[in-house]
Amino acid sequence: MGSPRPAVRVAVVMERELQPNRWEAVRHRIVEVLPMEDAFGAAPRVLRDDGRLQRTLHPGLTVELFPDEGEGYFLNLASGAPVWFVVWRSDDEDALRAWPEQVTLSYNEAGRRMDAQEKVDNAPLQSELREWLQAFTDEHYKPEPKRRKRPASFQAPGERGA
C-alpha cells in the first residue's frame, strides 16, 4: 500500500437566511472554510440564530489531494485568488436544512460537480494552505507545452478545418 494522500481536515460555516428577498423563502450560502480544530467538536453546531439569519458550523470534512487533479489545483492557484470549493445539498422535504457534502481545491472537480447540476460555492483559501497546495501542485503537475497552431493559409487545402 502506498503512502497516504496529503489531506487536511476542515469545518464549513454555512449561513441560512429567511426571506432574503420577495422571490426567495430561504437562501443558503457558504460563509467560510476553516482548518479543523478540536474545539469544533464532531457534530454540526449553530453559532448564531437571530430568527432571520442562522450560521452553522459543520466540522470534520476531509480534503484530500490527488496527483491526477493537478491541473484543477493549478487552475485554482492561477486564478490569483484561490478558493475552497464546497459542494452542498439542501433537504428536498425541509428547505431550512442544508449541509456541506464535499470540499475540494480542484477547479476541475468543482466544474464536474456543477455540470452535474450540484450546488457548489466557494470561500477564500487561507495563505498557509495556499502554500501547501502550491507545493503539491508543483510536485505533481507539469503543464503541457503550448503548441503553436499553423494558420490555415499555410496548410494544404485538405488539412484545413481538421
Side-chain angles (χ1 to χ4, degrees), residues 1-18 20-21 24 26-50 52-91 96-149:
M1 196 159 101
S3 62
R5 284 186 282 276
V8 63
R9 305 244 316 138
V10 298
V12 175
V13 178
M14 287 190 73
E15 184 175 86
R16 179 190 76 204
E17 185 177 3
L18 300 179
N21 56 53
E24 292 178 283
V26 180
R27 178 187 299 159
H28 297 278
R29 73 179 191 94
I30 302 302
V31 175
E32 63 183 324
V33 177
L34 303 164
M36 185 65 183
E37 294 181 18
D38 291 339
F40 294 163
R45 183 166 45 120
V46 174
L47 301 175
R48 160 190 177 176
D49 189 349
D50 65 11
R52 188 174 155 297
L53 207 61
Q54 182 185 78
R55 283 197 174 179
T56 305
L57 178 76
H58 297 269
L61 289 109
T62 301
V63 179
E64 289 184 292
L65 299 183
F66 298 87
D68 62 349
E69 282 294 333
E71 181 186 43
Y73 305 140
F74 173 79
L75 292 170
N76 188 4
L77 290 162
S79 73
V83 297
W84 300 99
F85 295 101
V86 182
V87 180
W88 61 277
R89 294 224 158 65
S90 55
D91 191 319
L96 298 178
R97 287 193 60 235
W99 60 92
E101 188 92 352
Q102 178 194 9
V103 181
T104 182
L105 290 163
S106 170
Y107 179 89
N108 292 348
E109 173 67 13
R112 288 190 294 272
R113 299 301 284 263
M114 285 189 286
D115 288 346
Q117 305 301 306
E118 297 197 55
K119 297 175 187 121
V120 180
D121 286 343
N122 63 56
L125 178 65
Q126 295 84 351
S127 60
E128 64 274 11
L129 289 162
R130 178 183 184 162
E131 292 168 15
W132 172 71
L133 179 61
Q134 186 70 60
F136 181 87
T137 304
D138 290 347
E139 181 181 342
H140 294 281
Y141 178 67
K142 302 295 177 239
E144 293 289 321
K146 291 184 178 166
R147 294 193 350 211
R148 186 170 176 268
K149 186 176 178 186

Quick one, Val33 and Val10 - any side-chain contact, counting heavy atoms below 4.5 Å?
yes
Indicate yes or no: at least one non-hydrogen side-chain atom of Tyr73 is less than 4.5 angstrom from one of Phe66.
yes
**Asked** Side chains of Ile30 and Trp88: does their closest heavy-atom pair fall under 4.5 Å?
**Response** yes
Minimal heavy-atom distance between Glu64 and Ala7, with the atoms involved, is CG-CB, 3.9 Å
- Task: With side-chain contact (heavy atoms from CB on, under 4.5 Å) as the test, would you mind laying out the steps for Arg16 and Leu53 before giving the verdict?
- Result: CA-CA 6 Å; Arg16 179 190 76 204; Leu53 207 61; over 6 Å; no
Tested for side-chain contact (heavy atoms from CB on, under 4.5 Å) against Arg113, the lone hit among Val120, Asn108, Thr104 is Val120
Check your understanding: Is there side-chain contact between Met14 and Leu57, with at least one heavy-atom pair below 4.5 Å?
Key -> no
Taking side chain as C-beta onward, heavy atoms only, is Ser90 less than 4.5 Å from Trp99? no
Looking at Asp91, I want to see if its CG is surrounded by more than 12 non-hydrogen atoms of other residues, nucleotides or ligands under 6.0 Å.
yes
| said: Using side-chain contact (heavy atoms from CB on, under 4.5 Å), reason through Leu77 and Arg130 one step at a time and then give a plain yes or no. | reply: CA-CA 8 Å; Leu77 290 162; Arg130 178 183 184 162; 3.8 Å; yes
Over 12 foreign heavy atoms within 6.0 Å of OH, Tyr107: no
Worked verdict on Leu65 versus Val8 for side-chain contact (heavy atoms from CB on, under 4.5 Å) = CA-CA 9 Å; Leu65 299 183; Val8 63; over 6 Å; no
Test side chain to side chain donor-acceptor pair (under 3.5 Å), reference Glu15, set Arg27, His28, Gln54, Arg29, output is Arg29
Beyond-backbone contact of Val87 with Lys119, side-chain heavy atoms, under 4.5 angstrom:
no
query: Do Leu47 and Thr56 pass the side-chain contact (heavy atoms from CB on, under 4.5 Å) test, and can you show the C-alpha distance, the side-chain angles, and the key distance before you say yes or no?
result: CA-CA 5 Å; Leu47 301 175; Thr56 305; over 6 Å; no
#### Entry: Side chain to side chain, Arg9 and Leu61, heavy atoms closer than 4.5 Å
no
All heavy atoms of Ser106 vs all of Gly72, minimum pair found to be OG-CA, 3.5 Å
Rounding to 0.5 Å, atoms CZ (Arg89) and CD (Gln102) come to a distance of 9.0 Å
Q) Do we see a donor-acceptor contact under 3.5 Å between the side chains of Gln126 and Trp132? A) no
Value for CG (Leu125) from CD (Gln134), rounded to nearest 0.5 Å, stands at 10.5 Å
Heavy-atom nearest pair, Pro35 first then Phe40, reads O-CE1, 3.5 Å
Applying salt bridge (Lys or Arg N to Asp or Glu O under 4.0 Å) to Glu71 and not counting sequence neighbours gives none
Nearest heavy-atom contact between Gly70 and Thr137 is O-CG2, 3.9 Å
All heavy atoms of Asn76 vs all of Val83, minimum pair found to be ND2-O, 2.8 Å
In short, Met36 meets Ala11 closest at the heavy-atom pair SD-CB, 4.3 Å
**Asked** Should Phe85 and Glu109 count as side-chain neighbours, where that means a heavy-atom distance under 4.5 Å?
**Response** no
* **Asp49 side-chain N/O to Arg55 backbone N/O, donor-acceptor pair under 3.5 Å** => no
